[in-house]
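Remember, it's a predicted structure, so these values are computed and weren't measured experimentally.
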Amino acid sequence: MRMIALFIAALAIAGCATNETEMRVPAPSLTAIADGVWIHSTYEFLDPWGPYLSQGLVVQSEYGVFLVDTAWNNHDTDILLEQIFSVTGEYPKAAVITHAHNDKAGGAYTLLRRGIPIFIHKLTLLDGRQRGLIPDEDDASFDQNAPLSELIHAETFRHMWLDGKTIEAFYPGPGHTRDNIVVYVPDADLVFAGCLMRPGGTRSLGNTTDANVENWASAVRRVRDEYPDASIVIPSHGPMGGRELFDHTIELAAKPNG
C-alpha cells in the first residue's frame, strides 16, 4: 500500500509540474518593427519542446488594419484582437491565413464570429475544413449571421492585392504545405514568409508532415526573385532576418533528408 501511495503521489507531482509548465506559456504579444507594422507572437505548449512560438503580422494603413495569421487557438486570438485594438484603435478589417495549420489558422472561428473576413487560398479552405480549422457552410455550431460569404478564396492566384496595395498575397507553389502563401508589405520592404521560411541557425525544415520537400527550394526561389527589394524576411518560428534567410532555407531544402 505504501508503494501504491508513493506512486500516486509521484503521478500527482508530475501532473502539477506539467500544468505549471503549461501555465508558463507566454501570453500573446505585439512588437513594432516598422511604421504601422507589428509582429504578433503567440505560443502553444508542444511536447517535448514546451512553449512553441508562432508569429504573424499586423499591418495598419489608411485603408485599415490587416491581420496575417491567427494565434494558435480561438482563445488567444480573442486576446490578440483586443491587443490590436489597444495599440491601433481599430480591429482588423480583414485577415489573411497563410496555410491550414493550427499555428496559422487556429483562431479562424474567432475571426469569422467577430465579423472579420478572411482572405484564403482555395487549398487552405479545403484543407482547413478537413482539419476542423475552417467552418463548413452548414456547420450547425457556427453563427449563421457571421460573414461566411466573406470567406474569399482564389482558385489559383499568384498575386492578390488587398485594398489599395497595402499588402500583397503571393502563392509560390507548394513547400511547407501545398497551400502556403507569403505576404509582401511594400511600404516596409518586408516579406512575411511564414512556415515556408526557416529562421537562421536552424538545421532542418521543421515540420514536414504535409510538405512538398522536392518543390520547397523552388518555392523559396520564386519568393526571393519576386521581391528583390524586400530587405526584411520574417519566418513563423524564429527571429526575422534579411535576404540571407532565402539562401538558408534553400540550402536546407536541398539536403537529401530536407
Side-chain angles (χ1 to χ4, degrees), residues 5-34 37-59 65 67-88 91-92 95-111 113-114 116 128 131-134 176-177 180 192-211 232-241 245 248-249 252:
L6 288 172
F7 179 69
I8 293 173
L11 286 179
I13 292 171
C16 289
T18 300
N19 291 335
E20 288 174 3
T21 301
E22 293 183 4
M23 288 174 62
R24 291 199 297 270
V25 173
S29 63
L30 293 173
T31 303
I33 60 168
V37 182
W38 296 260
I39 291 176
H40 69 74
S41 302
T42 60
Y43 292 81
E44 182 83 345
F45 189 91
L46 299 180
D47 198 24
W49 301 285
Y52 201 82
L53 168 69
S54 181
Q55 298 177 144
L57 213 61
V58 176
V59 181
V65 173
L67 173 66
V68 180
D69 290 335
T70 74
W72 285 86
N73 54 62
N74 287 299
H75 175 266
D76 281 354
T77 299
D78 265 319
I79 295 174
L80 178 62
L81 292 175
E82 295 305 321
Q83 290 181 340
I84 292 170
F85 182 82
S86 177
V87 169
T88 68
Y91 291 107
V96 183
I97 287 177
T98 58
H99 64 273
H101 280 169
N102 290 64
D103 54 341
K104 308 284 96 185
Y109 271 74
T110 287
L111 296 183
R113 285 194 177 108
R114 294 183 62 157
I116 299 171
R131 295 165 187 162
L133 297 170
I134 305 292
H176 171 70
T177 57
N180 49 212
F192 178 79
C195 299
L196 180 67
M197 202 65 54
R198 296 298 292 155
T202 51
R203 298 183 179 181
S204 75
L205 291 174
N207 178 13
T208 58
T209 302
D210 300 311
I232 300 172
V233 180
I234 304 174
S236 285
H237 301 299
M240 66 182 185
L245 294 188
H248 173 61
T249 304
L252 290 175

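- Contact annotation: the side chain of Leu67 never approaches that of Ile116 to less than 4.5 Å [non-hydrogen atoms, C-beta and beyond].
- A donor-acceptor pair under 3.5 Å is formed between the side chain of Ser54 and the backbone N or O of Asp103.
- Residues Tyr91 and Glu82 form a side-chain contact, since some pair of their non-hydrogen atoms from C-beta on lies under 4.5 Å apart.
- At a threshold of 4.5 Å between non-hydrogen side-chain atoms, the residues Ile33 and Ile234 count as touching.
- Summarising the geometry, atom CG belonging to Asp76 is positioned 9.5 Å from atom OG1 belonging to Thr70; distances are rounded to the nearest 0.5 Å.
- Residues passing the side chain to side chain contact (heavy atoms under 4.5 Å, CB included) test with Gln83, sequence neighbours excluded: Pro28, Leu30, Ile79, Leu80.
- Of the candidates Leu81, Ile84, Val59, Ile84 is the only one forming a side chain to side chain contact (heavy atoms under 4.5 Å, CB included) with Val65.
- Closest approach of Tyr109 and Ile134 over heavy atoms only: CE1-C, 4.0 Å.
- Rounding to the nearest 0.5 Å places CG of Asn207 at 11.5 Å from OG of Ser236.
- A donor-acceptor pair is defined here as one N or O able to donate and one able to accept, closer than 3.5 Å; such a pair exists between the side chain of Arg198 and the backbone of Ser204.
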Run the numbers on His99 and Asp210 for side-chain hydrogen bond (donor to acceptor under 3.5 Å, both in side chains), then give the verdict. CA-CA 11 Å; His99 64 273; Asp210 300 311; over 6 Å; no

Pair Asn102, Glu44 - check side-chain contact (heavy atoms from CB on, under 4.5 Å), show working. CA-CA 10 Å; Asn102 290 64; Glu44 182 83 345; over 6 Å; no

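- Nearest heavy atom pair, residue Ser41 against residue Leu53, reads CB-CD1, 3.7 Å.
- In this structure, OH in Tyr43 is found 6.5 Å from OG in Ser29, a value given to the nearest 0.5 Å.
- We find the CG-CZ distance between Asn74 and Arg114 to be 11.0 Å, quoted to the nearest 0.5 Å.
- Between the side chain of Thr42 and the main chain of Ala71, no donor-acceptor pair closer than 3.5 Å is present.
- Using a 4.5 Å cut-off on side-chain heavy atoms (C-beta onward), Val58 and Val87 make no contact.
- Remark: the backbone N or O of Thr202 is paired with a side-chain donor or acceptor of His248 at under 3.5 angstrom.
- Using a 4.5 Å heavy-atom threshold, the side chains of Phe192 and Val37 count as separate.
- Rounding to the nearest 0.5 Å places CD of Gln55 at 8.0 Å from OG1 of Thr31.
- In this structure a side-chain-to-backbone donor-acceptor pair under 3.5 Å is present from Asp69 to Thr98.
- Without hydrogens or angle criteria, Thr177 side chain to Ala211 main chain gives no donor-acceptor distance under 3.5 Å.
- Considering every non-hydrogen atom in both Pro51 and Pro26, the closest pair reads CB-CD, 4.0 Å.
- To the nearest 0.5 Å, atoms SG (Cys195) and NE2 (His101) are separated by 8.0 Å.
- Ring pair His237/Tyr52 is tilted by interplanar angle, where 30° to 60° counts as tilted.
- In this structure the side chain of Thr77 reaches within 4.5 angstrom of the side chain of Leu111, judged on heavy atoms.
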